[in-house]
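Here is the structure we will look at, set down as structure tokens.
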There are 2 protein chains.
Amino acid sequence: MDKTKNHGAGQLGTSKVAEPVSLGSVPVANAVARSLRERIQSNVLQPGEWLREARLCREFGVGRSVARRALRILGEDGLVDIEENRGARVSATTVEEVFDLYEIRAALYGLAVRVACMRASDAEIANYLADIDQLLEAAGEEQPAERIIALSEKIFSAMAGHASADAQKMISSVRRKTRFHYSYVALAINAQAAGPYEHWRKVRAALVARDAEQASQSARNILYFMQGEVARIMLSRGSRPLASAAAAP
Amino acid sequence: MDKTKNHGAGQLGTSKVAEPVSLGSVPVANAVARSLRERIQSNVLQPGEWLREARLCREFGVGRSVARRALRILGEDGLVDIEENRGARVSATTVEEVFDLYEIRAALYGLAVRVACMRASDAEIANYLADIDQLLEAAGEEQPAERIIALSEKIFSAMAGHASADAQKMISSVRRKTRFHYSYVALAINAQAAGPYEHWRKVRAALVARDAEQASQSARNILYFMQGEVARIMLSRGSRPLASAAAAP
DNA sequence: CTCAAGAAAATATTCAACAATAATGATCAT
DNA sequence: ATGATCATTATTGTTGAATATTTTCTTGAG
């Protein structure tokens, strides 16, 4: 092929090498994945569109191994659907999928809170209580939803530290996948003044009492609440994609 | 290197190509992984032993790509620990790890039962009730523990069918990892006459009432029960490895 | 119009070469 | 002798090309 024409619509990049791909010491595939991620989230690449390996090789000037690996990374993130022997295409996020993602989050965050309640030292529990107080305070001051999200995720992440390596891997996996829908979460939090705070208070009380089952149940309820709200918001907006919000820590 | 001497102790195989690796149409890496799996479970390869890529290449007569992939597969199954830039070694399964595995199983099976209770049709619920009756009946007849395990897993698998693709992937992943400890499960079931059957009855009742939270809670309790029993058995036996039992469906 | 056979296109797998990293051992100053 | 520094070596990580397999498209006969 020749030097290619890069003016047409639907092109992957605006120039042959779309990004410096400067990450020299870090695997190149990550850089390619990152670049594609941006274009998927900014809707330059539209849902359903095929991501051909050969095309990626040309556009990024890399071999098929890295193009292939980049697609797998995006597949893990849920940004592309990989069909066996057929290729990868930009995935359209449906309300159902986001809904189901919260089902998983509820199960795994419930696990995290349960083991934290059982295994954390008294000092660690005290820290969690302080964090929750901070969260409730921020909620009372009606601080931006992004801050609420960040605080919540920080608490859950810390608690997940008490879980096994396998569990932590699953949790960070599902967190990667939901990161791209936080804009909806923000809307949900802003829309509903009551919010999930009553559940947070119950988590707090259960931590004090070291009642792992109760803490876990209340944590799950936080996620079920968010599940309902996010689904409601997505449906009312016709579930069309939004620009992605700032990600959590 | 030359044709190699295959008589020494600590060799990976008894001949250069340890298994026909006949699976022509199926990825060769799976065959290699299967072969290694057997030798790990039969303790021919002992915990802590390094699995060198170059060695595997020689022993199985394959390229480094497939050796590498085989090790990754075993890593997913939890049979080897892969250390960055250092290699893969046969993992020693600790009681703590098995214990934590049941924590994950409880969370994910709880999810499966919850969504099944919410989403299954009346006919499907009826099937689940019948399956549970069959399980309870088998328990009453004191049938072999393997059968109890198989029936339980069958029910959970069917219910997991109502969950999202992501959730199903996680469930089958954790199932793969626990498959190798079913021998302990069998012992646990045989040792404890009461068993988890009271919890199963509660799951049944909750399904009838379509009470998803209660069904989920009772399902988790089944796993927490098994968690305690398996840990107890492993500790009492010094947690030394057992020959693996027949796997579930 | 339907269906089957073959050609074309795309992905899947494997390998071999090169790069980067961690372990080993030798050398030298103290 | 001891300890630190640095070259050497063994081992894994990464990548591009070659080959195999699968899917899709085309074409032509009935």
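Computed from a prediction, not measured in an experiment: that's the story for all the values here. All values below come from the heavy atoms of this structure, side chains included, with hydrogens, waters and symmetry mates left out.
Comparing C:dA16, C:dT11, D:dG16 by their nearest atom to the side chain of A:S65 picks out D:dG16. The listed nucleotides are D:dT24, D:dG13, C:dT14; the one nearest the side chain of B:R68 is D:dG13.
Going from atom CD of B:E84 over to atom C1' of D:dT11 covers 13 Å, rounded to whole Å. Rounded to whole Å, atom P of C:dA20 lies 12 Å from atom CG of B:N85. Atom CG of A:L71 is separated from atom P of D:dT15 by 14 Å (rounded to the nearest Å). In this entry the distance linking CG of A:N30 with C1' of D:dT15 reads 14 Å, nearest Å. We find that CD of A:E83 is positioned 12 Å from P of D:dT23, with the value rounded to whole Å. The CG atom of A:L51 sits 14 Å away from the P atom of C:dA10 (whole-angstrom rounding). When rounded to the nearest whole Å, the span between CZ of A:R55 and C1' of C:dT11 equals 16 Å. The interatomic distance linking A:L56 (CG) with D:dG16 (C1') rounds to 15 Å, in whole Å.
Within the 4.0 angstrom heavy-atom criterion, base atoms lie near A:R64. Counting any heavy atom pair closer than 4.0 Å across all strands shown, B:R89 reaches no nucleic acid atom.
Taking the six-membered ring where tryptophan is involved, the planes of B:Y109 and B:F156 are tilted, since the angle between them lies from 30° to 60°.
Distances shown here put a side-chain N or O of A:R52 below 4.0 Å from the OP1 or OP2 atom of C:dT11. Between B:R69 and C:dT13 there is a side-chain N or O to OP1 or OP2 distance below 4.0 Å.
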### Task
In sequence, state the C-alpha distance, the side-chain angles, and the governing distance for A:R114 and B:Y224, and then conclude on side-chain contact (heavy atoms from CB on, under 4.5 Å).
CA-CA 12 Å; A:R114 182 182 137 97; B:Y224 294 142; 3.2 Å; yes
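Under a 3.5 Å cut-off, the side chain of A:E153 and the backbone N or O of A:A150 do not form any donor-acceptor pair. Panel note: side chain B:E83, backbone B:A88; no donor-acceptor pair is recorded below 3.5 Å. Listed for the A:S216 side chain is a donor-acceptor partner under 3.5 Å among the backbone atoms of A:G110.
Mapped onto DNA chain D by nearest heavy atom, A:R86 and B:I82 fall at different nucleotides, with B:I82 at the one closer to the 5' end.
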